[in-house]
Structures are given as structure tokens and as C-alpha cells.
Amino acid sequence: SHIRHAWDPHKSVAQNLAEMGLSDDPNKAVPIPRKLLGMEVESDGQQSGKKLVRKPYVVNEMELEASLPEKKSNTLSRDLIDYVRYMIQNHGENYKEMARDEKNYYQDTPKQIKRKINVYKNFYPEEYKNFIASLKPEKMEVQ
């Protein structure tokens with residue numbers, strides 16, 4: 001969007017990008033030294049082709065946007081959550097028994113089921129704690 005707002009439709013792509021401080025050819029932007037290619041190059045120490053950046057704010061805005069932390073939007077499917085809760089509710093921590101359950105439609109192995117339960121624990125730790133707490137029967141005092 002930053003490039004779109006600074007774009008001048010009357011200029012070429014190369015001219016627009018050069019004004020923003022961007023490159024239209026990555027090979028020219030970061031050249032491979034000829035020394036690495038096995039050839040020696042004599043240079044007089046002068047850099048030719050320096051262009052004036054007229055719109056530096058475009059690169060600055062893009063760098064600022066790239067530095068922002070990425071928002072996590074990962075969630076688990078409702079089917080997986082229901083599956084994990086069903087297995088824990090009926091079998092507790094017995095993964096071999098879970099693997100033999102009739103609701104194990106995808107024929108997951110005990111390790112695969114354990115991994116799915118761990119994913120659920122990591123995504124929803126509070127919900128998992130509340131679910132486990134609701135499963136434990138309240139101990140009644142006997143006198």
C-alpha cells in the first residue's frame with residue numbers, strides 16, 4: 001500500500017522504484033563480487049550510478065511495518081477440540097485405550113493422540129485446566 005500511494009503513473013517502473021529507494025533488479029542491488037567468481041577486478045574506488053532517493057518515506061514506512069510483531073491467529077478446529085475432549089473425558093491418560101476407541105475415525109496411534117492432546121494444551125491452557133478440573137469429582141469429607 002505504501003508503494004501504491006507513492007506511485008506516479010506517468011513514470012516507468014524503474015523510475016518509480018528508483019525514486020523510492022527500491023531496486024527493480026536484485027542483481028544490480030546486491031552485486032556478486034567478481035573475486036568470488038574467480039576473476040579479479042580493478043576498481044578506481046568510485047561508485048557509478050548513484051541515484052537520488054526522492055521518496056525515502058516509502059522505505060521507512062515499509063521497514064516500520066515489517067518490524068511490527070506478527071499477530072498470532074492460529075486456532076484449532078472445533079472437531080479436533082471435541083475429539084480431544086471426548087478422549088480425555090472417557091479415557092483419561094490412557095493413550096492405548098484411546099487408540100482403540102470407536103471414535104478414533106482416523107486410526108491415530110497412541111503417540112499421535114498424545115501429540116494432539118499436547119497441541120490442545122498449548123493452544124488453550126486455561127480451557128484445558130478448567131476442563132480437567134471439571135472432570136475431577138469433588139472429594140466429600142467422610143465422618
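The residues of the chain are indexed from 1 along the displayed sequence.
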Taking only residues two or more places apart in sequence or in another chain, which ones pass salt bridge (Lys or Arg N to Asp or Glu O under 4.0 Å) with R78?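 Once residues adjacent in sequence are excluded, the partners of R78 under the salt bridge (Lys or Arg N to Asp or Glu O under 4.0 Å) criterion are D82.
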
Check: G21 main-chain N/O paired with K55 side-chain donor or acceptor under 3.5 Å: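 Absent.
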
So, does N16 use its side chain to make a donor-acceptor pair with the main chain of D8 at under 3.5 Å?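 Present.
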
For V30, what are the other residues in its hydrophobic cluster, where any two members join if their side-chain heavy atoms are less than 4.5 angstrom apart?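 ILVMFWY cluster around V30 holds nothing else.
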
Apply the test side chain to side chain contact (heavy atoms under 4.5 Å, CB included) to residues I117 and M98: give CA-CA distance (whole Å), side-chain angles for both, the deciding distance (0.1 Å), then the verdict. CA-CA 11 Å; I117 290 172; M98 289 179 192; 3.9 Å; yes

Run the numbers on Y106 and Q112 for side chain to side chain donor-acceptor pair (under 3.5 Å), then give the verdict. CA-CA 10 Å; Y106 298 109; Q112 289 172 323; over 6 Å; no

Any pair counted as salt bridge (Lys or Arg N to Asp or Glu O under 4.0 Å), so long as it reaches residues 101-119, sequence neighbours left out: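 As it turns out, the salt bridge (Lys or Arg N to Asp or Glu O under 4.0 Å) pairs with a partner in residues 101-119, which skip direct neighbours, are D108-K116.
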
I'd like to check the side chain to side chain donor-acceptor pair (under 3.5 Å) partners of N94; sequence neighbours left out, ordered by chain and number.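 Residues passing side chain to side chain donor-acceptor pair (under 3.5 Å) with N94: E97.
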
Could you tell me which residues satisfy side chain to side chain donor-acceptor pair (under 3.5 Å) with R100, sequence neighbours excluded, listed by chain and number?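 Counting only residues at least two positions away or on another chain, R100 forms no side chain to side chain donor-acceptor pair (under 3.5 Å).
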
T75 OG1 to L80 CG distance, which is reported to the nearest 0.5 Å: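 Rounded to the nearest 0.5 Å, the OG1-CG separation comes to 10.5 Å.
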
So which heavy atom on [X] is nearest to which on [Y], and how close?
X   : Y    : value
Q89 : L135 : CG-CD2, 3.8 Å
S1  : H5   : O-CD2, 2.8 Å
S23 : P26  : OG-N, 4.2 Å
M20 : V59  : O-CG2, 2.9 Å

Do V119 and Y105 share a hydrophobic cluster, counting only Ile, Leu, Val, Met, Phe, Trp and Tyr and linking them when any side-chain heavy atoms are less than 4.5 Å apart?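 V119 and Y105: separate clusters.
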
Checking side-chain polar atoms at under 3.5 Å, does N122 have a donor or acceptor matched by the opposite partner on Y128?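 Absent: no donor and acceptor within the cut-off.
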
Starting from the C-alpha separation in whole Å, work towards a yes-or-no answer on side chain to side chain contact (heavy atoms under 4.5 Å, CB included) for Y95 and E93. CA-CA 6 Å; Y95 300 111; E93 296 272 329; 3.3 Å; yes

Sequence neighbours excluded - side chain to side chain donor-acceptor pair (under 3.5 Å) pairs with any residue from residues 59-68: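 For residues 59-68, and leaving out neighbouring residues, the side chain to side chain donor-acceptor pair (under 3.5 Å) pairs sorted by first residue read H2-E61, H2-E65.
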
With side chain to side chain contact (heavy atoms under 4.5 Å, CB included) as the criterion, how do F131 and I88 come out once you've worked through the C-alpha distance, each side chain's angles and the decisive distance to 0.1 Å? CA-CA 9 Å; F131 177 65; I88 293 172; 3.8 Å; yes

Neighbour count >12 (heavy atoms, 6.0 Å) for atom NZ, K121: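 Counting other residues, nucleotides and ligands, NZ of K121 exceeds 12 neighbours.
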
Going through the checks in order, is the side chain to side chain contact (heavy atoms under 4.5 Å, CB included) test met by F123 and I81? CA-CA 10 Å; F123 271 80; I81 293 170; over 6 Å; no

In terms of side-chain geometry, is the basic nitrogen of R85 or E127 positioned less than 4.0 Å from the acidic oxygen of its partner?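 Judged by the 4.0 Å cut-off on N to carboxylate O distance, R85 and E127 do form a salt bridge.
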
